[in-house]
Amino acid sequence: MRRRQTASSPPEQMEKAVGKNQRTRLCFLVSLSALFWFLLFYFHFVVLKSGTVDQSVKLQPVPVQTESAKAQAKARRAPESYPFVRALRTIENKSDPCGGRYIYVHDLPPRFNEDMLKECRSLSLWTNMCKFTTNDGLGPPLENVQGVFSNTGWYATNQFAVDVIFSNRMKQYECLTNDSSIAAAIFVPFYAGFDISRYLWGYNISVRDAASLDLVDWLVKRPEWKVMGGKDHFLVAGRITWDFRRLTDEETDWGNKLLFLPAAKNMSMLVVESSPWNANDFGIPYPTYFHPAKDNDVFIWQDRMRKLDRPWLFSFAGAPRPGNLKSIRGQIIEQCKKSKVCKLLECDFGESKCHSPSSIMQMFQSSLFCLQPQGDSYTRRSAFDSILAGCIPVFFHPGSAYTQYTWHLPKNYSKYSVFIPEDDIRKRNVSIEERLSQIPSEQVKIMREEVISLIPRLIYADPRSRLETLKDAFDVAVQAIIDKVTRLRRDIIDGRTNDNSVEENSWKYALLEEGQHEVGPHEWDPFFSKPKDESAEAAKNSWKSEQRDQS
């Protein structure tokens with residue numbers, strides 16, 4: 001009988017049992033090792049580290065965040081988080097000729113501009129401004145009877161007409177945009193000069209301030225304002241800054257307080273005379289009589305000024321200021337009368353050749369040097385008329401040009417002008433004729449060429465056209481504003497602040513070279529020690545001159 005065969009023999013069973021036990025043991029060892037390393041890492045990274053952090057928190061006091069640290073922390077924000085970054089990015093687009101140059105213009109209610117022109121007879125107490133607001137602010141054309149002007153481009157332009165001239169030039173600007181997010185700057189077409197000129201005499205401060213307060217209230221509600229709190233906004237006023245800087249709320253005090261309003265302090269205001277002690281206004285040239293429509297009109301005029309014979313060594317057009325004990329005009333007129341090489345046009349009440357553009361330009365065209373002392377305030381339109389005529393200006397106070405028109409004139413003033421300190425005339429009785437005669441003829445030729453080269457950037461082109469290759473006073477001013485806003489935006493992103501700047505030294509900062517930030521003692525410090533409240537009196541006196549000019 002055959003024995004039944006078992007499923008497996010004993011050796012085979014033992015072999016299987018041993019394999020099973022080995023696998024079980026291996027799994028156990030792997031699990032034990034993993035647990036060991038898990039516990040080790042857990043103890044090191046969780047228990048020890050948390051204990052260290054907790055200990056450090058207990059031992060180290062929380063640092064107080066300084067203003068500088070706050071600024072640096074803000075600077076660590078991603079550039080994309082700033083609302084103006086899109087405007088900065090347009091600069092990088094090299095295929096866009098307007099990249100970094102776009103201007104957005106606020107669409108103001110007409111009461112801030114056009115409505116004023118409809119009531120042009122009320123814009124000045126003594127002058128009918130209606131004829132001066134024609135031709136987009138250039139005034140009526142001048143007839144070239146004496147052959148002093150070019151045949152085209154010359155107008156009887158009022159010296160306070162920059163408000164409307166600038167605004168109309170802006171309409172021709174090649175990089176206007178309706179998208180404020182890409183704008184390099186934002187223009188506010190408020191006729192600030194025309195506004196205040198209506199109310200300077202015989203009106204209380206509520207009336208004088210009304211339009212300025214209304215404008216600010218309108219602006220601050222706009223989304224464009226909220227991007228930078230108005231620091232990318234600018235406006236133009238064709239009057240001197242003192243008309244907008246009333247120091248008190250006394251009814252007898254002069255002007256309005258536009259430039260002292262908190263919101264206006266953020267904006268940039270372009271005026272024909274700025275304050276040396278304030279940072280929110282900037283000097284731009286007074287308008288002259290020449291407003292070319294084409295580049296060639298300028299080139300022809302410049303060439304003509306180079307070729308003129310100039311029989312007079314120096315000349316002066318102006319009136320004395322007997323009521324101003326500090327004025328040197330009386331001494332200048334006296335010296336000119338005694339000199340055989342000086343041409344004088346005396347200006348006073350009544351008929352005078354000083355009121356004739358052709359007489360003034362003819363005199364300047366026949367002179368090598370033109371004397372430009374202070375008027376009632378620091379500046380004079382006459383300075384720009386003389387440069388237009390190719391006549392080298394002679395200044396007696398740095399506030400008459402050097403600290404005013406830093407965008408439009410070279411910082412090296414000796415290249416295009418002569419400076420004779422007022423005290424040299426007032427106290428030392430220095431001879432102007434002798435001083436000017438000492439300048440070598442070759443140097444005079446070089447200076448006159450520099451003066452003639454400046455003409456394009458000191459005149460306002462016809463607002464109804466656009467120059468092709470030349471930059472006029474409008475172009476220079478707009479680019480300067482764009483550069484100012486662009487620098488500010490980059491400083492904000494980089495966390496740079498101007499906390500150490502002193503507004504009282506504004507005139508010094510304007511003279512710094514590129515890359516300079518600190519100011520110190522300056523040779524012109526004595527010229528700007530005059531108390532600010534005296535400037536309001538100068539503004540009042542300037543109206544007396546305006547009255548005299550129209551008498």
Side-chain angles (χ1 to χ4, degrees), residues 135 138-157 159 165 285-317 341-343 345 353-354 356-372 380-394 401 408-410 415-418 436 439 441-476:
N135 293 310
L138 303 184
L142 285 171
E143 295 183 5
N144 192 22
V145 178
Q146 296 176 297
V148 176
F149 312 127
S150 311
N151 290 327
T152 59
W154 290 80
Y155 297 83
T157 305
Q159 65 174 330
I165 293 174
Y286 284 87
T288 64
Y289 303 110
F290 186 38
H291 306 281
K294 298 177 297 192
D295 290 27
N296 201 45
D297 294 342
V298 182
F299 298 144
I300 292 173
W301 178 257
Q302 287 177 299
D303 194 49
R304 180 177 169 182
M305 293 305 99
R306 291 185 181 99
K307 296 176 180 178
L308 286 177
D309 290 328
R310 298 178 183 268
W312 300 103
L313 176 64
F314 63 108
S315 61
F316 175 64
V341 291
C342 180
K343 175 69 174 176
L345 278 182
K353 288 186 177 181
C354 287
S356 165
S358 60
S359 297
I360 293 173
M361 291 301 294
Q362 190 173 45
M363 183 187 73
F364 289 160
Q365 289 176 28
S366 65
S367 307
L368 288 174
F369 298 94
C370 294
L371 307 185
Q372 301 296 343
R380 305 177 75 204
R381 170 191 177 148
S382 176
F384 297 98
D385 290 334
S386 65
I387 291 175
L388 177 60
C391 186
I392 301 168
V394 180
H408 296 77
L409 294 174
K415 292 176 63 177
Y416 70 93
S417 70
V418 175
L436 298 178
I439 302 175
S441 58
E442 189 60 32
Q443 181 64 24
V444 172
K445 184 178 179 181
I446 294 172
M447 293 174 70
R448 187 168 68 248
E449 180 58 34
E450 180 69 22
V451 166
I452 293 172
S453 72
L454 290 173
I455 290 175
R457 60 194 293 115
L458 299 179
I459 58 177
Y460 296 92
D462 192 321
R464 297 160 294 188
S465 60
R466 187 190 305 161
L467 301 182
E468 296 178 3
T469 62
L470 297 174
K471 303 297 183 184
D472 73 339
F474 167 88
D475 293 316
V476 172

(Q) For M447 and V418: C-alpha separation, side-chain torsions, deciding distance, then whether side chain to side chain contact (heavy atoms under 4.5 Å, CB included) applies. (A) CA-CA 9 Å; M447 293 174 70; V418 175; 3.9 Å; yes

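- Residues satisfying the ring-ring contact (aromatic ring centres under 6.0 Å, His included) test with F314, not counting sequence neighbours, are none.
- With contacts defined as side-chain heavy-atom distances shorter than 4.5 Å, the pair I439/I392 does not qualify.
- Within the 4.5 Å cutoff, side-chain heavy atoms of V444 are placed close to those of F369.
- Taking the side chain as every heavy atom from C-beta outward, K343 and P311 never approach each other to under 4.5 Å.
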Next on the checklist: Apply side chain to side chain contact (heavy atoms under 4.5 Å, CB included) to residues Q372 and S382 and explain how you reach the verdict.
Outcome noted: CA-CA 7 Å; Q372 301 296 343; S382 176; 3.1 Å; yes

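- The backbone N or O of D385 sits nowhere less than 3.5 Å from a side-chain atom of Y286 that would complete a donor-acceptor pair.
- In summary, of the residues considered (V476, I387, T288, L388), a side-chain contact (heavy atoms from CB on, under 4.5 Å) with L458 occurs for I387 alone.
- Between W154 and F290, the ring-plane angle classifies as parallel under the 30° and 60° cut-offs.
- Between the side chain of Q365 and the main chain of V148, a donor-acceptor pair closer than 3.5 Å is present.
- Evaluation of the side chain to side chain contact (heavy atoms under 4.5 Å, CB included) rule for D303 yields R306, K307 as partners, not counting sequence neighbours.
- For the pair V451 and P393, the minimum side-chain heavy-atom distance is below 4.5 Å.
- S150 places none of its side-chain heavy atoms less than 4.5 Å from the side chain of D297.
- Between P410 and Y416, the closest side-chain pair of non-hydrogen atoms falls below 4.5 Å.
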| field | Verdict with supporting geometry, L470 and F299, side chain to side chain contact (heavy atoms under 4.5 Å, CB included) | value | CA-CA 10 Å; L470 297 174; F299 298 144; 3.8 Å; yes

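- Formation of a donor-acceptor pair under 3.5 Å by the S367 side chain with backbone atoms of M363 is found in this model.
- Although no hydrogens or angles enter the test, the distance criterion places no donor-acceptor pair under 3.5 Å between the side chain of R310 and the main chain of L368.
- A donor-acceptor pair under 3.5 Å is absent between the side-chain atoms of R448 and the main chain of M305, judged by distance alone.
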